[in-house]
Protein chains: 2
Amino acid sequence: MRRITLDDVASLAGVSPITVSRVLRKPGSVSEALRLRVNSAIENLGYVPNVAASRLASSRTHTIGVIVPTLYNVIFAEYLFALHDVLIAAGFQVIVVNSRYSEVEEENAIKALLGQRVEAIIIAGIHHTPLSRQLLMKANLPVVQTFELSDDPINLNIGMSQERAGHAATRHLIDRGFQRITFLTGNLDHRAQSRFDGYHTAMQEVGLRSMGMIAHRPRHSSVALGSELFGEMHDRGDLPEAIFCTDDNLALGAMQECRKRRIRVPDDIAIMGFHDLEFSACAAPSLSSIATRRYETGKLAAEKVLLALDASTRQSNEQINMGFALVPRESTSGDAGHR
Amino acid sequence: MRRITLDDVASLAGVSPITVSRVLRKPGSVSEALRLRVNSAIENLGYVPNVAASRLASSRTHTIGVIVPTLYNVIFAEYLFALHDVLIAAGFQVIVVNSRYSEVEEENAIKALLGQRVEAIIIAGIHHTPLSRQLLMKANLPVVQTFELSDDPINLNIGMSQERAGHAATRHLIDRGFQRITFLTGNLDHRAQSRFDGYHTAMQEVGLRSMGMIAHRPRHSSVALGSELFGEMHDRGDLPEAIFCTDDNLALGAMQECRKRRIRVPDDIAIMGFHDLEFSACAAPSLSSIATRRYETGKLAAEKVLLALDASTRQSNEQINMGFALVPRESTSGDAGHR
DNA sequence: GTGAAAGCGCTAACAA
DNA sequence: TTGTTAGCGCTTTCAC
């Protein structure tokens, strides 16, 4: 069964192929009589244009490439949602690739996207292999790096200081009177590392000993992992006064484990999360966290890409700091001053 | 700045274009000497193949189309994660389109995917416009409908009975002694409707009055929406003995609102969720729910697609019931028998 | 407003 | 193993 092509439509309608092409792309430039004839031929044949041919001939793909480390994290789902919202509405297709937190896979993803001739790339993170960076710079298309702030952006950069956020979270715990504070993370990706750096600095500033991080394993952050890690920590007998989790999922898991083991939060231990996920406000006790702006980051990134594509001249580098907000709640409200 | 093409690589390496093409696709079929020359030419020029041209020439796209109603729901994120896991590993590209719960947008999505010449389509749901259905049948490619069970599948169908799940959830509440049971939903998509049907039937079977659903608004399910809806219900003064929420997010929001209003769960009101999201086990009280198999559904759908593509002959229709499981927890454990 | 000719960058089929 | 030829299905350019 041969696929129906534009030529088939043209001969059925008794016009030249180019006329069919015009009806499809700029119907206004074709007389009504022909337009109707062509359209009914399209309907009759069930013709669906082949975008590969169109892309090849026009060298326009109307496609934006997006790279995220994982899909299995609400953070990125919210961000992708925003990107889709804006870009689809503007008539672009979005190709999402995940790098599984690997710079090598990211490099492959970049090559794949460039092979697709995407018109812009929006990439989560600022750490890439040298070749990745070089490919992105040479590609001569709008590139947006997101979620973090770079000292040396490739082009556009929309994010926040993970380190300052980690610092603020830790500072909050210190201000509440906690001293033995542990940093808890699953996977140690760049963003978690930066948060840890912020934690470390905050501890040092007030002369406290930073207590390393509990775990480092190649699994995505989840409630279950939080339970596990907390359990192991408790089993080892080194229960701190407070823990700062890189992620609300971990924090919630830790809280769950506390409940099982009859450790009271925040009376026996304070727990601080990160990202302020939707359920965090309604956990019991409610979870203190750092609110981050995933949706807004995606939205802005997409809008900036559209602008850059419109200007069609490569924009000069620009950096936007989306900031973050401390959200103190019950899980860190313990009056730890007089233990 | 002209883009570098395969011909450029060929002339730099002093070979014919087809040799370069072979080095890229089946390196084994080219002598090592030439392969090295070609590869270094590719490196030197920073050549990236144009997939549009490749697709057009080979009429193979190695692309699978996926349609989901929304990205803003963990359910679909987990499912997409599984699809990616399997399909990317098998060397396919995945194009995800969301229909925003609209059959018209779904029809457009189908057209777009067919225009991309995807080699298979995996689509969430079993309700489509007549044209959508016709396009899918005529396209002569593997089609998997997921999440629900169809009486008349287009091709493959991997899902569960939403109605029986709704029935089981309701039955659980009835068995626990609750009688005034309300069904709570935000958006009333097909799956929510089926769950409602199951609820309705279960109520009727034991002679109880089904209490309609509380709300119907075009917003995605969220904790915040659950709070809102529950609040409105309470304000109206019609607090039932139990509520069955179409979604754990709504249920969690309802529980949060209960806590604010000092309504005890499950003593004053029992709450039943749906989907058994990760946080549900560690809510306080822990949330009873229906566990559904999103990841497994996606994995199986992807695997079936690969099989079908391999066989290269259109598979006969097949239906797989993934089932579900009732997960009773604290939020419905109230001993309501003697109120 | 409509069409003819040429070509986008690659690969299938065949030949050497 | 390597190359030649032809063409995938569309759009660009230029002419009418």
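Keep in mind that the numbers below use all heavy atoms, side chains included, and drop hydrogens, waters and symmetry copies. The chains referred to below are lettered A, B, ... by the order of the sequence lines, with proteins before strands, and numbering in each begins at 1.
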Minimal non-hydrogen separation, B:Phe76 against B:Val68, with atom names | CD2-CG1, 4.0 Å
So what does B:Val30 hit on the nucleic acid, given a heavy-atom distance under 4.0 Å: a base, only sugar-phosphate, or nothing?
-> sugar-phosphate
Please name the pair of heavy atoms, one in A:Ala13 and one in A:Ala41, separated by the smallest distance, quoted to 0.1 Å.
-> CB-CB, 4.0 Å
Whole-Å gap separating P (C:dT11) and CG (A:Asn50) | 15 Å
Within the pair A:Ser54 and D:dG9, is there a side-chain N or O less than 4.0 Å away from OP1 or OP2?
-> no
When the distance from CG of A:Leu6 to P of C:dT2 is rounded to whole Å, what number comes out?
-> 15 Å
When the ring planes of A:Phe92 and A:His62 are compared, do they come out parallel, tilted or perpendicular, using 30° and 60° as the limits?
-> tilted
Nearest-nucleotide comparison on DNA chain D, the residue closer to the 5′ end among B:Leu56 and B:Ser29 = B:Ser29
Is there a side-chain polar atom (N or O) of A:Arg3 under 4.0 Å from OP1 or OP2 of D:dC10?
-> no
According to a strict under-4.0 Å criterion, is B:Ser59 in side-chain N/O contact with OP1 or OP2 of C:dT11?
-> no
Taking the side chain of B:Tyr47 as heavy atoms from C-beta outward, which of C:dC10, D:dC10, C:dT2 is closest to it?
-> C:dC10
Would you please confirm or rule out a distance under 4.0 Å between OP1 or OP2 of D:dT11 and any side-chain N or O of A:Ser21?
-> yes
Calculate the interatomic distance between A:Asp7 atom CG and C:dG3 atom P; express it in whole Å.
-> 13 Å
For A:Pro49, which contact category applies under a 4.0 Å heavy-atom criterion: base, sugar-phosphate, or nothing?
-> sugar-phosphate
Distance below 4.0 Å between A:Arg55 side-chain N/O and D:dT12 OP1 or OP2 = no
Closest non-hydrogen atom pair between B:Val48 and A:Lys111, with its separation = CG1-O, 3.7 Å
Got a second to check how far A:Ile122's CD1 is from A:Thr146's OG1, nearest 0.5 Å?
-> 8.0 Å
side-chain contact (heavy atoms from CB on, under 4.5 Å), paired with B:Asp8, selected from B:Ile4, B:Leu12, B:Leu6 | B:Ile4
Rounded distance (Å) that lies between atom P of D:dG9 and atom CZ of A:Arg25 = 17 Å
Given C:dA4, D:dG7, D:dT2, which nucleotide is nearest the side-chain atoms of A:Ile18?
-> C:dA4
Could you state the CG-P distance from B:Leu45 to C:dG9, rounded to the nearest angstrom?
-> 14 Å
Phosphate OP1/OP2 of C:dG3: any A:Thr19 side-chain N/O under 4.0 Å = yes
Whole-Å distance, A:Ile4 CD1 to D:dC10 P, equals 11 Å
A:Gln116 CD to C:dC8 P, in whole Å, measures 21 Å
Rounded distance in Å - NZ (B:Lys26) to C1' (D:dT2) | 13 Å
So, is B:Ser16 near the phosphate of D:dT2, with a side-chain N or O under 4.0 Å from OP1 or OP2?
-> no
Check if the side chain of B:Arg22 and the base of D:dG3 share a donor-acceptor pair of N or O atoms closer than 3.5 Å.
-> yes
